[in-house]
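Both ligands and their constituent atoms are indexed starting at 1 by order of listing. The model shown is predicted, which means the values in this text are computed figures rather than measured ones.
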Amino acid sequence: MEAVITKKIFDSDKVRKDFPILQRAAGGKPLVYFDNAATSQKPNSVINAIGNYYKNYNANIHRGLYSISIEASEAYDKAREKVREYINAREAREIIFTRGTTEAVNLVAYSYGRQNIKEDDEIIISAMEHHANIVPWQVLCEEKKAKLKIIPVNDKGELLINDYKKLISPRTKLVAVCHISNSLGTINPVKEIVSLAHEKNIPVLIDGAQAVHHTKVDVRSLNADFYAFSGHKMYAPMGIGVLYGKAKLLETMPPYQTGGDMISSVSFEKTLYNEIPMKFEAGTPNVEGAIGLGAAIDYINSIGLENISEHESALLNYATDEISKIEGIRIIGTAENKASVLSFVVEGLNALDIGIMLDTSGVAVRTGQHCTEPLMDWFGIPGTARASFAFYNTIEEVDFFIDALKNAVRILK
Ligand code: PLP
């Protein structure tokens, strides 16, 4: 163990105390939460920020002239500014609050897509996309009689960049790929992907759902045209997410939903739309979610993304070494550049049975297709068991998981 983590990156015991749920048991055993790629746990500071909003200044925003509405509006706008700073966007108006990554991708597909994609056009995605970054494009292509092109992966679960280069054609109108794969952990070379598309003036959407809390994302340096992510995977509440878009693109795009807040004037003859970002935030927004997301960003910054990444890599490397010693294990996703996702199958066993057995030991892992059915088909497997680590996880928990897994394999075989 000492050989793996040579220095104490931060005080795990102290950090774990910030997360009330990590103090509970599951099935009479301490909870070992390894399903962080599905959703993360929430620190007290996030829970308290939401509680504080409801206890002290709950009001609808941008409408009231009274003090608690002004306070709520300021907190909402401040959260947008925190997101801007976190991903280094040029302007806060380039940050659109959505329900999550799924809604952010749908927003681009419905608004930008319906405006710009025409018959016989092509959209490039990759073989490792989450359904959230497949289905909106598929529906758009069906509607417009356009084509979906798929960047293939190799056996390690890495994108084949030469094939991507060959897929780019004069008909390509958009590229949409994930930054980090949720089922393999592969970190894609998104900067290169963006730059290759830009050589042909093709805009790129990056699905950053698995990336923003693991690694520093600088949208200006990536030069992505759109970048989507979900709050709940980065220690913030559910139901809040972000679409970053370059202002010059967002300004030309039609609204995705219509109603209150997204307008500047309405008459029965004509409606004038609001400026960005409000143009894309119709109706009462998720104020508590945005405030919670702001608190989560403060929390991440207090730990430091570099520390988070370093600790998570150490957990991944250690878990990979240990799991590889178990007979019959096959790791799915062995890319050179990987985030803290460990997907695996055990020869002759069903991943679901492994998940159920691990749960009896208090270990929460995800099993199944992880919303990446085409990728599972490509690997020729029905699904995997997936352990995904966050910075609050420990080497001791990995040891516990490995023992529980060995036990499960012994009983099931
Ligand atoms: N994209 C990736 C890579 C994901 O991992 C997920 C969720 O697991 C999504 C998109 C969808 O995110 P959400 O359900 O929060 O909208």
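- Taking the ring pair (Phe, Tyr, Trp, His ring centres under 6.0 Å) definition, one finds that Y57 meets it with Y53, sequence neighbours left out.
- Looking at heavy atoms from C-beta onward, V363 lies out of side-chain contact with E397 at the 4.5 angstrom threshold.
- For D77, the side chain to side chain donor-acceptor pair (under 3.5 Å) partners at least two apart in sequence or on another chain are H62.
- Remark: F34 pairs with F389, F401 by the ring pair (Phe, Tyr, Trp, His ring centres under 6.0 Å) rule, at least two apart or across chains.
- Between F391 and Y235, the ring center distance clears the sub-6.0 Å criterion.
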Could you go through ligand 1 and note, for every N or O atom, any protein N or O atom closer than 3.5 angstrom, writing the atom names and distance to 0.1 Å, or 'none'?
| residue | atom | partner | partner atom | Å |
| --- | --- | --- | --- | --- |
| ligand 1 | 1 (N) | D207 | OD1 | 3.2 |
| ligand 1 | 1 (N) | D207 | OD2 | 2.5 |
| ligand 1 | 5 (O) | Q210 | NE2 | 2.7 |
| ligand 1 | 8 (O) | H130 | NE2 | 3.4 |
| ligand 1 | 8 (O) | K233 | NZ | 2.6 |
| ligand 1 | 15 (O) | S230 | OG | 2.7 |
| ligand 1 | 15 (O) | H232 | NE2 | 2.7 |
| ligand 1 | 16 (O) | T101 | N | 3.4 |
| ligand 1 | 16 (O) | T102 | N | 2.9 |
| ligand 1 | 16 (O) | T102 | OG1 | 2.6 |

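- Ring geometry, Y227 versus H179: the interplanar angle exceeds 60°, so the pair is classed perpendicular (tilted spans 30 to 60°).
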